[in-house]
Amino acid sequence: LMAELPNTNPILYQEYLSAKRWNDCLSVFFRESGAYPYTGVSRVNLYSIFAEQYEGLINSNGATGNVLPTGIVLDNNNKDLYFYLIKNNKIDTVIDYENRKGLFPDVHRMYRFCLFVTVGKNGRNQYKFYQTEPRQDGELVKITLEDIEAINPNTKTCPSFRNQQDYLLAQKIYKKWGVLQNESYPEKNTWDVRIRTPFNMSNDSGFFKPYDEELLPLYEAKYIYHFNHRYCNWNGIATDSTNNSQLSNTDFLIRTQYYLTKEELISRFGNSQWFLVYRMITNATNERTMVASLIPGYPCGHSLSIIETENLSKGLFLLASLNSMAFDFFTRQTVGGTNFSQWILKQLPVVDVDKVNNQLVKIIQEKVFQLTYTANDLKPMADEWGFTGSSPFIWNDKERFQLQCELDAIYAHLYGLEKEEMDYILETFPIVKRKDIAKYGSYRTKETILQLYDEFAWVREEMEQSPQAHE
C-alpha cells in the first residue's frame, strides 16, 4: 500500500513524509540535545519528557503536580528519571488510580494513571496505589531509596504496595531470598537461568504455516495455564477452552493457529524435550498474575517467555515457585500494566533450591511432575525425569486442586510466612475468592491452604534445622 501511495495519492504521500520527518527530528532532538538526559533514551514517551521538563523548571522551593500514567514510577523506560528523583528526595506524593470506575470514560478501564507531585527538596516519598476514585481513603506508604535498591535492584523502579502490610511483607521476603537475577550484584545470584524471547509474531511471521502433521504447533500465552499446556484449543476460527473430557484423554493434543518447522526451532533454541514458559500478557488485577507451565519442545510466540534452567530438576522446582500464590502476591506489587516483562521477573523473590533439603525438594518436584505430565506429548520430558510409569497421570480436578494447595502451603513455609500473613495474602486474590464462594459457598482455596499450612509445619522446622538454610 505504501509503495503505491506516491502514484495513487501523491498529496497524502507528501503529508506522510512531512509528518515522518517531523517525528524523526523530534526524536533526534529529545535524544541528542542534552535537554532530556533521563527520558530522551530508549523508547521516548512524551509524558516522560514532560515530567522531566517540569522538574527542571522549578527551584529548590518549587513543586510540580501532574496527571501521568503510573508507568512514570513503575516502568523500566522511566527508571533513570525515577531513580534521580528519589535519590535526590524530589518525589513528594504519588497517588495511583485504576480507571475501573471510568474516571476517564474514553480510556480503557484497566489503565492506570497517577497524581505525580515532585518538589525541589525534602520530598516525603509517600505513595498510595490502586485507588479507584479521588475521595477514596487509602494508606500512604513511605518508600525509601534503600527499599527500592533491595526490591528492584536492577531497574531502581518503584513497587506498588496497597498498604503498609504489603510493604512490610516485601521487606521481609526480599531480605530473606533476594531476587531471581540481581544484575547490580551478580555474586548474590543463586539461580543459573536464562530468560529468552521466542519467535516474534510480526517479524517472524514468514516462518509460520497452517496446520500440517509434519510441523510443530506454535504456542502462545492463551494455550497455557498453571501446570497445564492444553488450556485452549484452536478451532479454525478462534480458541476454545478445553474441557475435562479432552484433558482426561492423555492422547488429546491441542491444535494451534500457527505451525513451524522443527528445523527452524532447533536453529534458534536447540533440540530441547521441553520448555519452561510464562505468560507475558497479564495484569495485577487479573484472577492470577503469574501463569507458568512446562510445554513440550515446541516453538513459542513472544506472548510467552522461555526460562532456561540448568536441568529439568531445577525447572520443576522453579515452576512450583512461580505458580505459588505467595510468589504471585509479590508479582502484583511490580507488574504495573499488562506486560509481564522479563526485567520484572528477574527482580522477583524466588526460593533458592540449594537452601532446601533434598527430601523436601523431591516432594515438591514429584507434585509438580504429577500436575504437569498429563498427556503423551510430554513423554520425552517424563523419560528425561526417569519416570517409569506406563502412562501419564489422568486429569482429575479434585486431585489437582489438592496438589496445588499442598504446594502453596509448602511455599508459605519456605518463604517464611506466618499463618496470619498467608491468610492476608490469600485475601488479596478477590476473583479467586469470588469464584469459590459462588461455586462452593465459601473461600475453599484459602480454607484448604491454611489447613494444610498446619499439616506442613514440619517444613518450617526442616528449614530452620537445615545446614543449607544457614549458609
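In this chain, residues are counted from 1 in sequence order. We use all heavy atoms of the structure for the numbers below, so side chains are in, but hydrogens, waters and symmetry mates are not.
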task: Give a yes or no answer on whether the side chain of Q136 reaches the backbone of T132 with a donor-acceptor pair at less than 3.5 Å.
output: yes
task: Mind checking the CD1-CE spacing from I410 to M463? Nearest 0.5 Å is all I need.
output: 12.0 Å
query: Passes salt bridge (Lys or Arg N to Asp or Glu O under 4.0 Å), R460 versus E418? Steps please.
result: CA-CA 10 Å; R460 175 76 63 90; E418 301 298 332; 3.5 Å; yes
query: So how far is it from D354 CG to T190 OG1, rounded to the nearest 0.5 Å?
result: 6.5 Å
- prompt: Is a side-chain donor-acceptor pair under 3.5 Å present for E447 with Q451?
  reply: no
message: When you measure from the side chain of N78 to the backbone of S48, do you find a donor-acceptor pair of N or O atoms at a distance under 3.5 Å?
response: no
task: To the nearest 0.5 angstrom, please state how far the CZ atom of R162 sits from the OG1 atom of T428.
output: 7.5 Å
- request: Give a yes-or-no answer on whether the side chains of D328 and T331 include a donor-acceptor pair shorter than 3.5 Å.
  value: no
field: Distance, nearest 0.5 Å, that separates CG of L216 from NZ of K209
entry: 12.5 Å
Sidechain-backbone polar pair: R268 side chain, P198 backbone, donor-acceptor under 3.5 Å: no
message: Pairing donors with acceptors under 3.5 angstrom, does anything connect the side chains of T256 and E220?
response: no
query: Are Y82 and D75 close enough, and set up right, to give a side-chain contact (heavy atoms from CB on, under 4.5 Å), and what steps lead you there?
result: CA-CA 9 Å; Y82 177 72; D75 288 355; over 6 Å; no
statement: Residues T242 and C232: closest non-hydrogen pair is CG2-C, 4.0 Å
query: Among side-chain atoms of Q126 and T93, is any donor-acceptor pair under 3.5 angstrom?
result: yes
query: Does some side-chain heavy atom of L322 sit less than 4.5 Å from a side-chain heavy atom of L345?
result: yes
task: With the side chain counted from C-beta on, respond yes when V44 and T39 share a heavy-atom pair under 4.5 Å apart, and no when they do not.
output: no
Side-chain heavy atoms of Y174 within contact of Q347, under 4.5 Å: no
query: Does the cation-pi check pass for K188 over Y185, that is, NZ or CZ under 6.0 Å from the six-membered ring centre and within 45° of its axis?
result: yes
field: Q171-Y167 side chain donor-acceptor pair, cut-off 3.5 Å
entry: yes
task: State whether the side chain of N189 and the backbone N or O of W191 hold a donor-acceptor pair below 3.5 Å, judged by distance alone.
output: no
- prompt: Is it the case that T155 and N76 place a side-chain donor and acceptor less than 3.5 Å from each other?
  reply: no
field: Between D166 and Y130, a side-chain donor and acceptor under 3.5 Å
entry: no
query: Using 30° and 60° as the class limits, which term best fits the ring planes of F387 and F369: parallel, tilted or perpendicular?
result: tilted
- prompt: Does the E52 side chain pair with the main chain of Y38, one donor and one acceptor, at a distance under 3.5 Å?
  reply: yes
- request: Assess whether side-chain contact (heavy atoms from CB on, under 4.5 Å) is satisfied between F317 and V368, documenting all intermediate values.
  value: CA-CA 8 Å; F317 186 91; V368 175; over 6 Å; no
field: Polar side-chain atom of N152 near backbone of T157 as donor-acceptor pair, under 3.5 Å
entry: yes
message: What's the separation between atom CG in L276 and atom NZ in K314, rounded to the nearest 0.5 Å?
response: 13.5 Å
message: Quiz question: by atom type and distance under 3.5 Å, do the side chains of N323 and Y411 form a donor-acceptor pair?
response: no
- request: Give a yes or no answer on whether the side chain of Y278 reaches the backbone of F340 with a donor-acceptor pair at less than 3.5 Å.
  value: yes
- request: With R444 as the cation and F401 as the aromatic partner, state whether NZ or CZ is under 6.0 Å from the six-membered ring centre and within 45° of the axis.
  value: yes
query: Do L265 and F199 have side-chain heavy atoms sitting under 4.5 Å apart?
result: yes
- request: Answer yes or no: is there a side-chain heavy-atom contact under 4.5 Å between N228 and L247?
  value: yes
message: Is it the case that atom NZ in K172 sees more than 12 heavy atoms from other parts of the structure closer than 6.0 Å?
response: yes
task: Decide yes or no for K419 and L450: does some side-chain heavy atom of the first lie under 4.5 Å from some side-chain heavy atom of the second?
output: yes
field: Result of checking Y298, Y211, F208 against Y258 for ring pair (Phe, Tyr, Trp, His ring centres under 6.0 Å)
entry: F208
query: If you round to the nearest 0.5 Å, how far is CG of L318 from CD of E308?
result: 12.5 Å
- prompt: Backbone N or O of H229 within a donor-acceptor pair of the Y219 side chain at under 3.5 Å?
  reply: yes
query: Once the angle between the rings of Y36 and F30 is folded into 0 to 90°, is it parallel (under 30°), tilted (30 to 60°) or perpendicular (over 60°)?
result: perpendicular
task: Check E399, M325, K367, H226 against Q404 for a side chain to side chain contact (heavy atoms under 4.5 Å, CB included) and give me the one that passes.
output: H226
field: Aromatic plane relationship, Y415 with W177 - under 30° parallel, 30 to 60° tilted, over 60° perpendicular
entry: perpendicular
- prompt: Would you say the side-chain atoms of D383 and W385 include a donor-acceptor pair closer than 3.5 Å?
  reply: no
message: Closer than 3.5 angstrom, by distance alone: can the side chain of K142 be matched with the main-chain N or O of R124 as a donor-acceptor pair?
response: yes
- prompt: Does a donor on one side chain and an acceptor on the other come within less than 3.5 Å for T70 and D96?
  reply: yes
message: Tell me the closest heavy-atom pair linking R230 and Q246, and the distance in Å.
response: NH1-O, 3.7 Å
Shortest non-hydrogen separation from A51 to L81 and the atoms involved: CB-CD2, 4.1 Å
query: Quick check: does any side chain N or O of N339 sit under 3.5 Å from a backbone N or O of S341, one acting as donor and the other as acceptor?
result: no
statement: Taking every heavy atom of L253 against every heavy atom of N233, the minimum-distance pair comes out as O-OD1, 4.5 Å
field: Minimum heavy-atom distance between K101 and R109, given as atom pair plus value
entry: C-NH1, 3.9 Å
message: Contact between L169 and F161 at the side-chain level, heavy atoms closer than 4.5 Å - yes or no?
response: no
- prompt: Taking it one step at a time, do F113 and F104 satisfy ring pair (Phe, Tyr, Trp, His ring centres under 6.0 Å)?
  reply: CA-CA 10 Å; F113 63 94; F104 292 94; 4.8 Å; yes
statement: Of all heavy-atom pairs linking C158 and F129, the shortest is SG-CZ, 4.0 Å
- request: Evaluate whether atom CZ of F50 has more than 12 neighbouring non-hydrogen atoms of other residues, nucleotides or ligands under 6.0 angstrom away.
  value: no
Derivation and outcome, side-chain hydrogen bond (donor to acceptor under 3.5 Å, both in side chains), residues D147 and T144: CA-CA 5 Å; D147 296 326; T144 67; 2.9 Å; yes
task: Compare all side-chain heavy atoms of Y127 with those of I91 and state whether any distance is below 4.5 angstrom.
output: yes
